[in-house]
Amino acid sequence: MLTLQEIARLLRRAKITWGPVEISPEYRGWNYDKPPVKPPAYLGLALSDFAYGYCPTGRNIYLKYVLGERGAAVKALVEGQALHQALFKALEDYKKYAYSGHPMSPSFEGVPEDVRPKAEALYKYVATRLLGEHSYVSAARLARSRDSAVFYTAPIATQVAVDGSPLGMSYVVADGVALGAVIEFKFGPAQNVDAALAGYAMAIEADWGVPIDCGIHVQITVNSTVEYKATAYPLGDSARTKFLELRDEAIDIVIAGRDPGVAPDCPKTCPFYHICHADRSR
């Protein structure tokens, strides 16, 4: 998850649908010293705090960066972190197996008991798919070495960290990068996916100086079974403009010390819900 063939097929079909991705030179991340990419201020914001727009008004930015409030460890957040951990562990363990024959064995130390069944199911699902693909590419002689077997089976470099400071952010950690595309895995509702992917792409462009034109969002559902849907996004001017607008609005909130107010439709899964609705959460 995802194999080389899956990613290649997804990007190929997407490019047939979109045509060439139009990206104006001024929207490339490496132009971080010029508007519109240049930030109004360098505050070290976390991309995830603003790019996905989880808070409709952006009050989470005010609470965290102006008032210094800390979000609560809500169940959805804890579960998402645990499932990400299980996914990355499966990918890492597969590579150990491919290179050294080390057997894949899950470790769920620190995972809450109520989340462990889902983490175990996800690990088992990913491990089974990876080992099956590994056997296929080896038997079909697509892979002529251990290294190429890993490339065909699990081409995603996971948890890729780049310096986001040129764009006014802290370190930016993308879930994955493969075939010139940035990849994000999500286990719950996600909005502004194109803007967030554009932010990751621009941070990579700023730090590495290489173009990232596409992003892949992988929505994973873990219940009694594991299902996932991968969607490719063109990271053109529209997505990049949306990201920059969200970033600049977040910076303005912090600089002005402006309270955007409580959103009328606050999700109870928000880590700051207990602060915005203290009277209701008692």
Side-chain angles (χ1 to χ4, degrees), residues 1-3 6 46-49 51-52 54-55 60 64 69-134 150 153-162 170-178 182-191 193 196-197 200 216-231 267-275 281:
M1 186 194 291
L2 302 163
T3 66
E6 285 182 288
L47 183 149
S48 59
D49 283 337
Y52 286 102
Y54 290 125
C55 178
N60 65 310
K64 179 177 179 178
E69 296 283 359
R70 297 184 64 180
V74 296
K75 182 179 179 180
L77 182 61
V78 172
E79 181 174 300
Q81 291 172 340
L83 293 178
H84 271 92
Q85 178 183 330
L87 173 61
F88 295 143
K89 182 70 167 60
L91 288 164
E92 180 181 343
D93 285 355
Y94 159 70
K95 291 178 181 179
K96 290 179 181 178
Y97 163 79
Y99 285 120
S100 65
H102 192 281
M104 295 186 67
S105 58
S107 172
F108 302 104
E109 182 179 353
V111 176
E113 287 295 330
D114 60 335
V115 181
R116 186 166 296 184
K118 287 189 175 183
E120 291 175 345
L122 179 63
Y123 183 98
K124 182 178 180 180
Y125 174 82
V126 176
T128 300
R129 291 197 78 239
L130 292 175
L131 292 175
E133 184 69 10
H134 180 89
V150 170
T153 303
I156 302 174
T158 60
Q159 297 178 287
V160 177
V162 296
S170 60
Y171 262 82
V172 173
V173 183
D175 282 347
V177 176
V182 63
I183 300 171
E184 278 293 292
F185 299 100
K186 288 297 177 185
F187 295 92
Q191 55 192 29
V193 170
L197 288 170
Y200 287 112
I216 298 174
H217 167 75
V218 186
Q219 188 68 45
I220 306 174
T221 303
V222 184
N223 290 308
S224 56
T225 59
V226 177
E227 298 179 356
Y228 72 94
K229 179 182 179 182
T231 305
K268 290 187 177 181
T269 54
C270 174
F272 295 98
Y273 186 91
H274 67 291
I275 297 174
S281 57

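All values below were derived from every heavy atom in this structure, side-chain atoms included, with hydrogens, water molecules and symmetry-related copies excluded. The structure presented is a predicted model; accordingly, all values stated were derived computationally and were not measured. If you read the sequence from its start, that first residue is 1, and numbering goes on from there.
Nearest heavy-atom pair, V74 versus P271, reported as atom, atom and distance to 0.1 Å: CG1-CA, 4.0 Å. Nearest approach of A119 to A86, heavy atoms of both residues: O-CB, 3.7 Å. Closest of all the heavy-atom pairs between A174 and V182 is CB-CG2, 3.8 Å. A46 approaches S170 most closely through the heavy-atom pair CA-OG, 3.7 Å. Taking each heavy atom of V150 and Y94 in turn, the nearest pair found is CA-OH, 3.7 Å.
Remark: Y97 engages H134 in a ring-ring contact (aromatic ring centres under 6.0 Å, His included) (not counting sequence neighbours).
For the atom pair CD of Q219 and CD of E227, the computed distance is 11.5 Å after rounding to the nearest 0.5 Å. Separating the CD1 atom in I275 from the NZ atom in K64 is a distance of 12.0 Å, to the nearest 0.5 Å.
When side chains are defined from C-beta on, I183 counts as touching I216, because their heavy atoms get closer than 4.5 Å. Contact of the K89 side chain with the F108 side chain is not registered, since no non-hydrogen atoms from C-beta on lie closer than 4.5 Å. In this structure, the side chains of L130 and E133 stay at 4.5 Å or more apart for every pair of heavy atoms. Side-chain atoms of Q85 and Q81, non-hydrogen and from C-beta on, never get closer than 4.5 Å to each other. Side-chain contact between L197 and E184 is present, with heavy atoms from C-beta onward closer than 4.5 Å.
Applying the salt bridge (charged side-chain N to carboxylate O under 4.0 Å, His left out) rule to pairs touching residues 101-115 yields E113-R116, sequence neighbours excluded. Among residue pairs with one or both ends in residues 117-131, those qualifying as salt bridge (charged side-chain N to carboxylate O under 4.0 Å, His left out) are E6-R129, E79-K118; sequence neighbours excluded.
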- prompt: What do the steps show when you test K186 against Y52 for side-chain contact (heavy atoms from CB on, under 4.5 Å), and what is the final call?
  reply: CA-CA 12 Å; K186 288 297 177 185; Y52 286 102; 3.3 Å; yes

message: Run L83 and I220 through side-chain contact (heavy atoms from CB on, under 4.5 Å) and show every step you take.
response: CA-CA 10 Å; L83 293 178; I220 306 174; over 6 Å; no

Audit row: D93, Y123, side-chain contact (heavy atoms from CB on, under 4.5 Å) steps and yes/no: CA-CA 10 Å; D93 285 355; Y123 183 98; 2.6 Å; yes

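Environment of OH in Y171: sparse, with no more than 12 heavy atoms of neighbouring residues, nucleotides or ligands closer than 6.0 Å.
Partner of V218 under the side chain to side chain contact (heavy atoms under 4.5 Å, CB included) criterion, out of I156, L87, L2, D175: L2 alone. Just one residue in the list F187, F185, Y125 forms a side chain to side chain contact (heavy atoms under 4.5 Å, CB included) with Y228, and that residue is Y125.
Under a 3.5 Å cut-off, the side chain of D49 and the backbone N or O of N60 do not form any donor-acceptor pair.
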